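This report refers to the structure that appears directly beneath it.
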Amino acid sequence: MVTALLEGLNPRQREAVTAGDGPVLVLAGPGSGKTRVLTHRIAYLIQDCGVRPYELMAVTFTNKAATEMRLRVEALLGGIRDGLEIGTFHSICARMLRREADFTPYRPDFAIYDTDDQHSVIKMALNEMDIDPKRYSPGRVLHKISAYKNELIPPEDVRADDYFGEIVARIYPRYQQMMVTNNAMDFDDLLMQTVILMRDNAEVRERWQRRLAHILVDEFQDTNTAQYKLVQILSLPQNNVFVVGDEDQGIYAFRGADYRNVLQFRRDYPNARVILLEQNYRSTQIVLDAARAVIDKNQHRTPKALFTEREGGPRVTIYEAYSEADEGEYVARRVNDLVRRENYEYRDIAIMYRTNAQSRALEDAMVKANVPYTLVGGVGFYKRREVRDLLAYMRLVGNPNDTVSFDRVINVPGRGIGKKSQETFQEWIVQRGDTIYGGLQAIRHGEPSPIVGRAAKSFADFGLMLDEWRALLEGNDLLGLFDEIMARTGYNLYIHEISDTPEQVSDRLENLAELRNFITQNREVPLLDFLAETALVADVDTLKDDKNAATLLTLHAAKGLEFPVVFIGGLEEGLLPHSRSFDDPDGMAEERRLFYVGLTRAKDQVYLTYAFRRMLYGDSMPGIPSRFLGDIPEELTEGVSTTLGSMRDRQAYQRQTSWESSGTRDRQPTGRGKIIPFPGSGGAPEKPRTKYKTGMRVYHQRFGAGIVIESALMGQDEEVTVAFEMVGIKRLASSFANLVIMKG
DNA sequence: TGGTACCACTTTTTT
DNA sequence: AGTGGTACCA
């Protein structure tokens, strides 16, 4: 038995799989078989070490990864293993909290609020506290609160360090209080509340610690403080904690992840066994070399000697498109070529980009060229208005104190309950010290209330509906509930009211049909579990492998996946690297890791494209080739000019991205197979003398700090294009803009 | 109360 | 360019 499990593993992988008790850190380069190691390790522990499935907890980054891991473990063990806990941090925490709710400030039927729901709550809080949402945008406030939670700082412990922080320090407690009243948790609560529970409640903690003999964590470089702490606590006292990660693939700093947790792990567990997986089974040598050239520029990393047996391979193709439409057209054409002439299938191909907004132009091109594709993420399914409405109804049934859901549907479809009545109702129940549900029932039973006339009747009717639905829930029939909500609310009719075109109507109906279909598949699932599932889906989770189609997705969503052919679009300054990171070395390093992740998804071939002009907010903006392109050695690329400048030119480019676009300005809009002059290469004529030069750092009174990406003389004046850190790319007339040139 | 018209803002990435 | 929010009117 032992031999069967270990067969086909290389010595390092085998060492990891069979490592004994105690902490283990596996540093796994891309494509080095880390999922394999994790699944085999789980199977090994169960089969050969007598560990019971329920004594194991394996944490992955997405539900998709969890499902895959579960399937692979079951395949290895030849059967289903009950009690084996595999899931994301968030879903596992949600389950734990549900079970242990008695020991938390929440009831077990708590709702899970996503970002949109959070926005609603924070707006209510701001409104109530008379804080101007223009000055303190819900987004920024929430980001800060989220950061506190990820660092396990409860409202009462906040120490503000600036004025904005001071305001947040006032909002955070109120926000949290509202969440508890709504019996709702946001994503960060799921983590923080679990840690607090385990930290402060010895009985619960010890129960779980006794149960969980082994904890395994995938994508360890993307854990935040809360997640790290949780792993630490739960793995006590044995410290059988097995983590797999790669510092070079840490791309979630913006949500509190800290790849330095890998270092921290070595500090916290000095006796940890450290195993390096350096053999790559995915990519060709060319792809790997290109990727390495990119990542090597990052400081403070453990150098890895990744190698592959797949020598050579096609070079990385770089293409300069005229516009984003041309970029899409090129990609679509190449995709079709790959399928028709090179024996690839559509499903072998991924098209990646930095921002979701880029998907639109690419999608248009795919449609035009008849390329079948699936889009990952974007405006997600669960973000659609009709889907959210229906889910809000279901959530309200599950948790009748969910204010956010209540506000969403109390007058949808319209029942003549306007803003005024809603406010009156809210004030009234607060005054009564009652819940939404209690208030509704009171009105229904004719108790005196400030709600009178038509509105009172509507509230009463609503309360009655809610009651009937809750009774329906006893039968545990999700589908019945869904159909009943649709019927009783007349939602189908409402769809016609809110839609402008027949297409929109059928779109919406289709979405609801899809939701209904999903519910059918989960008929037996308890409502709360179903709702948690819908709240915690990641974009990639919706990716179906069964369709033969190219995949469009963000670089973030691509993590953990692999494709024979990878296209990465929008390799432009301001996009990749994103302008928001220009001023921040850490952010810049993360952009680089993001590009590295994209490159290393490819098995055989990589195509990198950028656009000479790109639409932004309806304006056409110049595109400057990404500095990352210059980091890939020339001999690994093709499609760039053979007259690519001397090393000196390239170095100058790398330092500054100093490229004057005038040389390419009058090219044909859409050339095919043309040779592209590489930025920084010769050929650009003597440029006119401008005061502002590309790469210069400038400061603007209103827009703040930025970097000049283009400047051209316009008659007497000078037209300067600047990528501002805060507000993005703007084109300014230098005589009006009053730009201050900053040193450095 | 609900509809329409205009305006401001958007785009980083996501559980 | 598209969307969501606000203000004003029927």
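Order of the sequence lines fixes the chain letters, A, B, ..., with proteins taken first and strands second; residue numbering starts at 1 for each chain. Only a predicted model underlies this, so the values are computations on that prediction, with no experimental measurement involved.
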From [options], nucleotide with atom closest to [X] side chain:
{"X": "A/T88", "options": "B/dT1, B/dT15, B/dT13", "value": "B/dT15"}
{"X": "A/H578", "options": "B/dT11, B/dT13, B/dT15", "value": "B/dT11"}
{"X": "A/H556", "options": "B/dT11, B/dT13, B/dT15", "value": "B/dT13"}

Exercise. In terms of side-chain geometry, is the basic nitrogen of A/E247 or A/R301 positioned less than 4.0 Å from the acidic oxygen of its partner?
Worked result: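 Result for this pair is no, no salt bridge flagged.
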
Rounded to the nearest Å, what distance is computed from the [atom1] atom of residue [X] to the [atom2] atom of nucleotide [N]?
{"X": "A/R360", "N": "C/dG2", "atom1": "CZ", "atom2": "P", "answer": "6 Å"}
{"X": "A/R385", "N": "C/dT3", "atom1": "CZ", "atom2": "P", "answer": "12 Å"}
{"X": "A/L552", "N": "B/dT13", "atom1": "CG", "atom2": "P", "answer": "14 Å"}
{"X": "A/M621", "N": "C/dA1", "atom1": "CE", "atom2": "C1'", "answer": "13 Å"}
{"X": "A/I498", "N": "B/dG3", "atom1": "CD1", "atom2": "P", "answer": "12 Å"}
{"X": "A/F582", "N": "B/dT13", "atom1": "CZ", "atom2": "P", "answer": "16 Å"}
{"X": "A/E590", "N": "B/dT13", "atom1": "CD", "atom2": "P", "answer": "13 Å"}
{"X": "A/Q422", "N": "B/dT1", "atom1": "CD", "atom2": "P", "answer": "9 Å"}

Exercise. Given that A/F187 and A/G418 both sit by DNA chain B, which one's nearest nucleotide is further toward the 5' end?
Worked result: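 The 5'-side residue here is A/G418.
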
For this session: Report the residue (A/D188 or A/L575) whose heavy-atom-nearest nucleotide on DNA chain B is the more 5′ of the two.
Result: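 This one resolves to A/L575.
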
For the residue pair [X] and [Y], confirm or rule out a side-chain donor-acceptor distance under 3.5 Å.
{"X": "A/E386", "Y": "A/N511", "answer": "yes"}
{"X": "A/E327", "Y": "A/T609", "answer": "yes"}
{"X": "A/D109", "Y": "A/N183", "answer": "yes"}

For this session: May I ask you to evaluate whether A/N356 reaches the phosphate of B/dT11, defined as a side-chain N or O under 4.0 Å from OP1 or OP2?
Result: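 No, A/N356 has no side-chain N/O under 4.0 Å of OP1/OP2 on B/dT11.
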
Exercise. Can a side chain N or O of A/T115 be found less than 4.0 Å away from OP1 or OP2 on B/dT15?
Worked result: no

Please classify the nucleic acid contact of [X] as base, sugar-phosphate, or nothing, using heavy-atom distances under 4.0 Å.
{"X": "A/Y252", "value": "sugar-phosphate"}
{"X": "A/N411", "value": "sugar-phosphate"}
{"X": "A/S421", "value": "sugar-phosphate"}

Exercise. Could you go step by step and tell me if A/L575 and A/Q358 meet the side chain to side chain contact (heavy atoms under 4.5 Å, CB included) rule?
Worked result: CA-CA 10 Å; A/L575 219 42; A/Q358 289 168 255; 3.7 Å; yes

